J.: 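Pasting a structure here, questions to come.
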Amino acid sequence: MLPPLSSSFYRHDTVSVARALLGHLLCRESAAGLTAGIIVETEAYLSRDDPACHASCGRTRRNAPMFGPPGQAYIYFIYGNHFCFNVVTAPAGIGEAVLIRALEPVDGLELMQRRRGQGRSVLELTNGPGKLCQALAIDQTLNEHDLCRPPLWISAGREVEKEAVISVPRIGISRAVDKLLRFYIKENKYVSRRKSQR
DNA sequence: GGGAAGATGTTCT
DNA sequence: GAACATCTTCCCT
């Protein structure tokens with residue numbers, strides 16, 4: 001197994017971490033086997049001046065992990081069907097995180113395909129926050145998990161040039177829709193493609 | 001290849 | 001009871 005990034009990687013400002021995560025490898029080990037993919041799309045959620053952030057109205061039972069130590073997982077259930085996986089950033093107590101929106105599958109493609117349902121193209125395995133959670137079997141039981149160790153961790157991947165990273169408005173939110181806090185690798189085929197709505 | 005709408009359940013008011 | 005950091009199917013061009 002590739003060595004995980006150290007916890008200090010996550011302790012910096014959230015926008016920097018959201019950009020820096022692109023190109024790194026999200027790895028998930030389970031009884032069924034290993035699945036992993038390169039992070040190609042992220043979104044930053046900030047504590048100040050960002051009403052779209054779960055932590056913007058203060059601490060609740062649901063968003064409590066966002067106020068915990070940087071480098072832990074914040075996972076929540078949404079729309080009755082899906083999980084979203086976030087990485088907690090900034091020093092503990094601030095309440096910021098990065099949503100992982102899309103991966104480029106690298107390892108365990110067959111297992112991902114089985115979890116996502118038969119006849120699914122490789123492009124559709126992990127090109128969305130709910131999809132990648134299903135493909136990697138990420139659920140509530142991993143909430144608050146330390147991402148510096150198995151069974152869910154992030155390790156150093158390939159270098160991504162600054163010029164190859166685009167920043168655009170975030171997707172699927174109703175507030176603060178104009179902020180350029182969505183980041184992805186230019187021309188990567190696995191980026192989720194939806195236009196913003198509502 | 002794109003827009004509309006329904007499914008589904010947890011959290012918070 | 002409303003809102004929700006989504007996905008899928010169906011129908012249109």
Side-chain angles (χ1 to χ4, degrees), chain A residues 10 14-15 17-19 21-22 26 37 39-68 70 72-90 94-105 112-145 147 152 154 166-184 187-198:
Chain A
Y10 305 98
T14 301
V15 168
V17 177
R19 286 176 166 276
L21 277 169
L22 297 173
L26 178 63
I39 298 170
V40 299
E41 179 181 356
T42 61
E43 281 181 2
Y45 286 87
L46 309 179
S47 64
R48 294 163 56 116
D49 198 28
D50 184 8
C53 180
H54 285 178
S56 67
C57 294
R59 190 178 178 133
T60 64
R61 194 163 88 240
R62 179 222 222 182
N63 69 23
M66 290 186 82
F67 293 88
Q72 76 170 355
Y74 168 44
I75 296 164
Y76 61 90
F77 193 60
I78 190 83
Y79 293 118
N81 284 322
H82 309 286
F83 291 100
C84 285
F85 167 63
N86 298 251
V87 177
V88 175
T89 53
I94 304 285
E96 303 197 339
V98 173
L99 171 69
I100 307 300
R101 285 197 56 89
L103 304 177
E104 177 178 332
M112 292 190 199
Q113 231 142 11
R114 230 177 306 153
R115 286 172 176 153
R116 290 273 300 128
Q118 198 130 32
R120 195 79 67 173
S121 110
V122 179
L123 288 170
E124 296 172 308
L125 293 179
T126 53
N127 63 336
K131 298 178 191 180
L132 72 91
C133 283
Q134 189 182 13
L136 269 61
I138 295 173
D139 61 25
Q140 202 74 46
T141 63
L142 289 163
N143 197 20
E144 299 190 286
H145 171 74
L147 295 169
L152 180 64
I154 297 173
I166 317 261
S167 60
V168 295
R170 290 173 293 186
I171 282 183
I173 55 173
S174 56
R175 289 171 291 190
V177 293
D178 54 334
K179 288 181 186 292
L180 304 180
L181 293 175
R182 178 189 180 209
F183 306 98
Y184 64 85
E187 289 173 16
N188 186 285
K189 281 183 261 176
Y190 297 90
V191 169
S192 68
R193 291 216 154 257
R194 280 184 35 212
K195 297 240 160 95
S196 59
Q197 62 179 26
R198 223 170 304 210

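Worth saying up front: this structure is predicted, and the values here are computed from it rather than measured. Each chain gets a letter, A, B and so on, in the order the sequences are listed, and its residues count up from 1.
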J.: Measure from the side-chain heavy atoms of R116(A) and tell me the nearest of dT8(C), dT8(B), dA5(C).
T.: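 Ranking dT8(C), dT8(B), dA5(C) by closest atom to the R116(A) side chain puts dT8(C) first.
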J.: Pick out which of L26(A), L142(A), L136(A) makes a side chain to side chain contact (heavy atoms under 4.5 Å, CB included) with F85(A).
T.: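 It is L26(A); the other options fail the test.
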J.: R61(A) has an atom CZ; how far is it from atom C1' of dT13(B), in whole Å?
T.: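 About 14 Å, once rounded to whole Å.
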J.: Y79(A) stacking on dA7(B): centroids under 5.5 Å, ring planes under 30°?
T.: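 So no, this residue does not stack on that base, at least one cut-off failing.
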J.: Would you mind reading off the distance between H82(A) atom NE2 and dA3(C) atom P, rounded to a whole angstrom?
T.: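 It is 19 Å, rounded to the nearest whole Å.
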J.: Applying side chain to side chain donor-acceptor pair (under 3.5 Å), which residue pairs with at least one partner in residues 123-136 of chain A are found, sequence neighbours left out?
T.: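 Of all non-adjacent pairs touching residues 123-136 of chain A, those that pass side chain to side chain donor-acceptor pair (under 3.5 Å) are R116(A)-Q134(A), N127(A)-K131(A).
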J.: Could you please name the option among dC7(C), dT6(C), dC12(B) that lies closest to any side-chain atom of R101(A)?
T.: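 Minimum distance to the R101(A) side chain belongs to dT6(C).
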J.: How many Å lie between CZ on R115(A) and C1' on dC7(C), as a whole number?
T.: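 It is 18 Å, rounded to the nearest whole Å.
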J.: Please examine the side chains of S47(A) and M66(A), heavy atoms only from C-beta on, and report whether any two atoms are closer than 4.5 Å.
T.: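 No, their side chains stay 4.5 Å or more apart.
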J.: Can you check the Y74(A) OH to dC4(C) C1' distance for me, whole Å?
T.: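 In whole Å, dC4(C) C1' and Y74(A) OH are 11 Å from each other.
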J.: Does the base of dA5(C) carry an N or O that pairs as donor and acceptor with the side chain of Y76(A) under 3.5 Å?
T.: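 Counting by modelled atom types and ignoring angles, a donor-acceptor contact under 3.5 Å is found here.
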J.: Report yes if some heavy atom in the side chain of V122(A) is under 4.5 Å from a heavy atom in the side chain of Q113(A); otherwise report no.
T.: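 Yes, close enough: below the 4.5 Å cut-off.
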J.: Provide, to the nearest angstrom, the distance between the CD atom belonging to E43(A) and the P atom belonging to dA5(C).
T.: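 Between P of dA5(C) and CD of E43(A): 10 Å.
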J.: By the definition side chain to side chain contact (heavy atoms under 4.5 Å, CB included), identify the one residue from D50(A), D178(A), V177(A), L99(A) that meets it with R170(A).
T.: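 Filter result, single survivor: D50(A).
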J.: Please work out which of the three classes, parallel, tilted or perpendicular, describes the rings of F77(A) and F83(A), given edges at 30° and 60°.
T.: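 Plane angle between 30° and 60°, so tilted.
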J.: Please report, rounded to the nearest Å, how far the P atom of dT13(B) is from the CZ atom of R62(A).
T.: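 So the CZ-P distance, R62(A) to dT13(B), works out to 11 Å.
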J.: G80(A) near the nucleic acid: base, sugar-phosphate alone, or nothing, with a heavy-atom cut-off under 4.0 Å?
T.: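 Counting heavy atoms under 4.0 Å across all strands, the contact made by G80(A) includes a base.
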J.: Given atom CG of N86(A) and atom C1' of dA5(C), what is their separation to the nearest angstrom?
T.: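 So the two atoms are 7 Å apart, to the nearest Å.
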J.: Would one find a side-chain N or O of S174(A) under 4.0 angstrom from OP1 or OP2 of dC4(C)?
T.: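 True: S174(A) side-chain N/O within range (under 4.0 Å) of dC4(C) OP1/OP2.
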J.: dT6(C) C1' sits how many Å from F85(A) CZ, rounded?
T.: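 So the two atoms are 17 Å apart, to the nearest Å.
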J.: Quick one: is the NZ or CZ of R62(A) closer than 6.0 Å to the six-membered ring centre of Y76(A), and within 45° of its axis?
T.: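 Relative to the ring axis of Y76(A), which defines the angle, R62(A) lies inside both limits.
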J.: Please tell me which of the listed nucleotides, dC12(B), dG9(B), dT8(B), lies nearest to the side chain of N81(A)?
T.: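 Selected nucleotide (nearest to the side chain): dT8(B).
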J.: Tell me, what's DNA chain B's dot-bracket, Watson-Crick or G-U with both distances under 3.5 Å, | for other-strand, [ ] crossing?
T.: |||||||.||||.
